Amino acid sequence: PAHRCLVPFSAFAEPIKGGNQWFTVAHDKPAFFAGIEVRDWVSVRKVKDGETTDDLFAFLTCPPNSEVAEVHPKAMPTILTDPMDWETWLTAPAELASSLQRPLPDGSLLLVEGQS
């Protein structure tokens, strides 16, 4: 739990030929990516830079729901929209928190037209 975080978003994109397809949640509730962060990681990422201290961040992915699968059939971000899921992600043991790594139900996302 010490390295878990929630990343707020209003839309996200999946690459398509000639640009991006943007998605947003189909309701006005807050939505978050399930994230992992590690602060002050010391490593050598580039030999020319030598040892550096960096903040690392990633978000979880899962199989796509039907809206995302049409654009990206392999994966989508793990999106949490329920306050109880937010609390579970941030505090629960790994076995329980990992059960949240699942797609949103079909119909939960809308395509955003006119953005690339």
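Computed from a predicted model, the values in this text were never measured in an experiment.
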Least distance between heavy atoms, [X] atom then [Y] atom:
| X | Y | value |
| --- | --- | --- |
| S98 | E95 | OG-O, 3.1 Å |
| A75 | T61 | CB-CB, 4.1 Å |
| N20 | A13 | CB-CB, 3.7 Å |
| M76 | P63 | CG-O, 3.5 Å |
| A92 | P1 | O-CG, 3.8 Å |
| G107 | A26 | O-CB, 3.7 Å |

Side chain [X], main chain [Y], donor-acceptor under 3.5 Å:
| X | Y | value |
| --- | --- | --- |
| R45 | G50 | no |
| N65 | V68 | yes |
| T53 | V42 | no |
| D82 | M84 | yes |
| W22 | L111 | no |

Please report the interatomic distance [atom1]([X]) to [atom2]([Y]), rounded to the nearest 0.5 Å.
| X | Y | atom1 | atom2 | answer |
| --- | --- | --- | --- | --- |
| F59 | I36 | CZ | CD1 | 12.0 Å |
| D85 | I79 | CG | CD1 | 12.5 Å |
| Q21 | E70 | CD | CD | 9.5 Å |

Quick one: sort the F9 and F12 rings into parallel, tilted or perpendicular, breaks at 30° and 60°.
perpendicular
Using side-chain contact (heavy atoms from CB on, under 4.5 Å) as the criterion, list what pairs up with Q101, not counting sequence neighbours.
L60, C62, T78
side-chain contact (heavy atoms from CB on, under 4.5 Å) partners for A58, two or more places apart:
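Expected list: none.
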Applying a strict under-4.5 Å side-chain criterion to I, L, V, M, F, W and Y, I'd like to know whether [X] and [Y] cluster together.
| X | Y | result |
| --- | --- | --- |
| V71 | V112 | no |
| L104 | L110 | no |
| I16 | L109 | yes |
| F33 | L100 | no |
| F32 | W89 | yes |

Please step through side-chain contact (heavy atoms from CB on, under 4.5 Å) for the pair T81 and H27, ending with a clear verdict.
CA-CA 10 Å; T81 59; H27 49 72; 4.0 Å; yes
Might you work through the side-chain contact (heavy atoms from CB on, under 4.5 Å) test for D55 and V38, ending with a clear yes or no?
CA-CA 6 Å; D55 295 334; V38 177; over 6 Å; no
Just jot down the salt bridge (Lys or Arg N to Asp or Glu O under 4.0 Å) partners of E37, sequence neighbours excluded, or say none.
R39
